[in-house]
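Read the structure below first, then the notes.
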Amino acid sequence: MENYEIKLDLNEYFIKHPAATFFVKVVGNSMEGEGIKGGDMLIVDRSKRPKSGSIVVAVVDGEFTVKKLTQTRQGLFLTPANPKFKPVKITKSMEFEVWGVVTGAIHSYL
Amino acid sequence: MKFIALLDCNNFFVSCERVFRPELRGKPVVVLSSNDGCIVSRSNEAKALGIPMGAPVFKWREEVEKYNVKLFSSNFSLYSDMSKRVMSILKECVKHVEIYSVDEAFFLIDGGANFAADLKNHVERCTGIPVSIGIGENKTRAKMATEIAKKNLEHDGAFDLASKNPDEQIEMLKKFPIEDIWGIGRSLSRFLKDNFIYTAKEFTEVPDTWVKSHMGLHGLLKLRECRGEIFENAYGRFEATGEHVKKSIISSRSFGKKLYDFEEIWNALSYHVCRIGEDLRSQNSVTNVLSIYLYKVVTRDEAGSTGRVQVSRTMELPRPTSYTPELLKYAYELFIDIYEKDAAYKKAGAAVGELSQADTKQLDLFEDTLCAKIGKPSENHYLNDGKKQNLMNTLDALHQKWGDRFDISCFPRLRTWVSRKENRSPLYTTSWDELLTIS
């Protein structure tokens, strides 16, 4: 049975878990290869479990960063998507945590 | 077996700030009241420096500077939003949640400490807010269990008092100070200590009749709860224990000498207002009427034989409240009205009357913060509908935390060192322009 009353809501589209979802603004181009440009807004879900290949907001030694989380034989890395930036290996001496998983990025053309 | 659990956020306002400032973990951080006067939330590191709850920040500026204590002005939008998130996550996980204040909620629990630990971790994962969960046979014991979980790190933030064997329970109660028992306010705990009752364990050993005659029905119910009686009504929900409420509360004291100075007298008066606020909250009441009075020294001719005359002002409050900063605000207005510059005063006091039972969710909204933003009418601040999640009063945290060890007024005019709202963090979750920015 079709519902003729539905109004499309971006919240529903992007946000699966509102209580655990935060919005974050990006500066810089370290992730432009993944389609994230400086000035974009990211939708970050803290309840999602990060996997290798997830784009995450991470905290390294008290500082925020957005990168792709990659697990290889060499170890765990925070990988940028821009040849100008180098991947960072997560070592035991670092304070590292995943703050949340990026589930969407919004680019505004206005 | 279903018991009652309490979820309580650790150092809530500070924790909210730390979600967006992870570099502040492990550091001394405090959050200030709405006029930047008093400290209303402290990180454990700030507590370790000896900074008390409710302290006027200017009195601690040496420590603040020496130890690099990070100061934040209150960011109610943020705290309210984070509170909603915590409660929402909780409601996804358990049934029958009863929100008690901005950072506390009771709920029914089936599982024990392991389930509570998983829940605690889940809430922290989703929101970034560290919480403690205590499980008890009733609300009083649940609160006790939460305190124990908070203070003893070996429990990993979750403690089940109800499932412990009787000997272990007794051990915990022996170490539990009487003044930390929920519902036993300052005056009651002083009275109990005067009668050599210092711990929860000692309290449970007092005969029912003694408690009933000295503490009334309120005290008797509290006694039974401390002993571990299970409270649950037929619907599987739990209700607050019916409590005997006082109809009015008075606090006053003679100065012991003549006082002339505005600040000194306001200091004394605000102390009484704070005590009243605390007593109101400990019996879950709100008041509609506030009075303040002073004993002014006059010649014996004017006043008959006493040499003093009582001057007072009474005001009907715009809305029922037990919220100390609001009571202080009105008390201050009344005080300015009666104070005479060259007069000598011997005594100050405050009183509240027309008390009524507060709902567990006390909404006492500042016009310029939450109320305006959400467009909620300011008269309607009692939500008796336990099923609906509505607007939270972030300031309930102050109700709970501020009253206990508050010993000095936050003098509104003292703003020399830290100015108003100077250190408010961005509206990370309620303003598009103030989002967390990362690279």
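Owing to the predicted nature of the structure, the values given are computational and were not obtained by experimental measurement. Letters A, B, ... mirror the listed sequences (proteins, then strands); counts begin at 1.
For A:K67, the part lying near chain B is the side chain, with the backbone staying farther off; criterion is any non-hydrogen pair under 4.5 Å. Using a 4.5 Å cut-off between heavy atoms, B:V19 touches chain A through backbone and side chain atoms alike. Both the backbone and the side chain of A:V26 come within contact range of chain B, with heavy atoms under 4.5 Å apart. Within the 4.5 angstrom heavy-atom criterion, only side-chain atoms of B:T429, from C-beta onward, approach chain A. Neither the backbone nor the side chain of A:P80 has a heavy atom closer than 4.5 Å to any heavy atom of chain B. For B:E434, no part sits under 4.5 Å from any heavy atom of chain A, backbone or side chain.
The candidate from B:S439, B:P22, B:G128 with the greatest count of non-hydrogen atom pairs under 4.5 Å with chain A is B:S439. Between chain B and the residues A:G28, A:A20, A:S30, the most heavy-atom pairs under 4.5 angstrom are made by A:A20. Chosen from A:E63, A:M41, A:M31, the residue pairing most often with chain B at heavy-atom distances under 4.5 Å is A:M41. The greatest number of non-hydrogen atom pairs below 4.5 Å with chain B, out of A:G100, A:A19, A:S47, A:G62, is found for A:A19.
For the 3.5 Å distance criterion, the side chains of B:D103 and B:S101 qualify, holding a donor opposite an acceptor. No hydrogens or angles considered: a donor-acceptor pair under 3.5 Å links the side chains of B:S425 and B:N75. Side-chain N/O atoms of B:H122 and B:E92 include no donor and acceptor closer than 3.5 Å.
When atom types are taken as modelled, the side chain of A:T103 and the backbone of A:V101 share no donor-acceptor pair closer than 3.5 angstrom.
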*Given the rule in the side-chain hydrogen bond (donor to acceptor under 3.5 Å, both in side chains) test, do B:D8 and B:S132 qualify, once you have shown the distances and angles that lead to the verdict?*
CA-CA 5 Å; B:D8 186 335; B:S132 301; over 6 Å; no

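The closest side-chain heavy-atom distance from B:V29 to B:F72 is below 4.5 Å.
Figure legend: B:R85 and A:F22 shown as a cation-pi pair, the cationic atom lying under 6.0 angstrom from the six-membered ring centre and within 45 degrees of its axis.
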